[in-house]
Amino acid sequence: MDDDDRERTEVPPRFDDAGDATRRTWLANERTWLAWVRTGLTSTAVAIGIGKLVPELADSRHKWPFEALGVGYAVVGVVLALYGFIRREEVERAIERGRYVAPHDRVVGAFALALVVLGVATAVVVLVG
């Protein structure tokens with residue numbers, strides 16, 4: 001039996017028989033990165049809805065509050081996607097070193113604050129407008 005036949009007939013080890021979870025960690029990092037991007041895209045879609053569609057459907061005299069909210073959601077969407085790329089790179093480097101790197105507290109806090117402000121402002125505009 002030559003080397004090619006042996007390679008085809010040997011049973012490969014099961015996924016994590018060696019106790020190495022690195023592959024799963026890489027894949028989890030990829031899924032998390034995609035979640036950052038999806039969240040950014042969702043925020044951008046909300047921006048279009050609030051900034052352009054709602055004022056037209058509501059036939060509102062004052063479109064600027066909706067447009068301002070739309071810009072806010074668009075900015076948050078772009079920053080979310082960009083941070084997702086940054087975070088993915090940080091985690092990849094940490095995985096290579098066998099370490100863990102937590103998200104930046106200030107960035108997470110800034111996202112939370114931005115979304116709370118936008119949410120409250122949206123509620124106010126909807127109730128008043």
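One is the number of the first residue; the rest follow in order along the sequence. When reading the values below, keep in mind they use all heavy atoms of this one structure, side chains included, and skip hydrogens, waters and symmetry mates.
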Note, Trp33 side chain near Arg87 side chain (heavy atom, < 4.5 Å): no
When rounded to the nearest 0.5 angstrom, what is the spacing between OG1 in Thr25 and CD1 in Ile95? 5.5 Å
One should read off an interatomic distance between Thr122 OG1 and Ile50 CD1, to the nearest 0.5 angstrom, of 4.0 Å
Any donor-acceptor pair under 3.5 Å from Thr39 side chain to Ala35 backbone: yes
Verify side chain to side chain contact (heavy atoms under 4.5 Å, CB included) between Tyr73 and Thr44, making sure each step is shown before the conclusion. CA-CA 6 Å; Tyr73 281 105; Thr44 304; over 6 Å; no
Check whether [X] and [Y] end up in the same hydrophobic cluster, where Ile, Leu, Val, Met, Phe, Trp and Tyr are linked by side-chain heavy atoms less than 4.5 Å apart.
| X | Y | answer |
| --- | --- | --- |
| Leu34 | Leu41 | yes |
| Leu115 | Val71 | yes |
| Val75 | Val107 | yes |

Between Val79 and Phe111, does the side chain to side chain contact (heavy atoms under 4.5 Å, CB included) criterion hold? Intermediate values first, please. CA-CA 9 Å; Val79 175; Phe111 283 134; 3.6 Å; yes
Evaluate the criterion side chain to side chain contact (heavy atoms under 4.5 Å, CB included) for residue pair Arg31 and Trp26; output intermediate values, then yes/no. CA-CA 9 Å; Arg31 287 189 302 273; Trp26 286 105; over 6 Å; no
Please assess Tyr83 against His104 for the test side chain to side chain contact (heavy atoms under 4.5 Å, CB included), listing each intermediate value before the final yes or no. CA-CA 10 Å; Tyr83 183 69; His104 300 94; 3.1 Å; yes
Here the pair of heavy atoms bringing Leu80 nearest to Gly40 is CB-CA, 4.0 Å
So, for Ala47 and Ala74, which heavy atoms are closest and what is the spacing to 0.1 Å? CB-N, 3.5 Å
Is any NZ, NE, NH1 or NH2 atom of the basic residue among Glu56 and Lys63 found under 4.0 Å from an Asp or Glu carboxylate oxygen of the other? yes
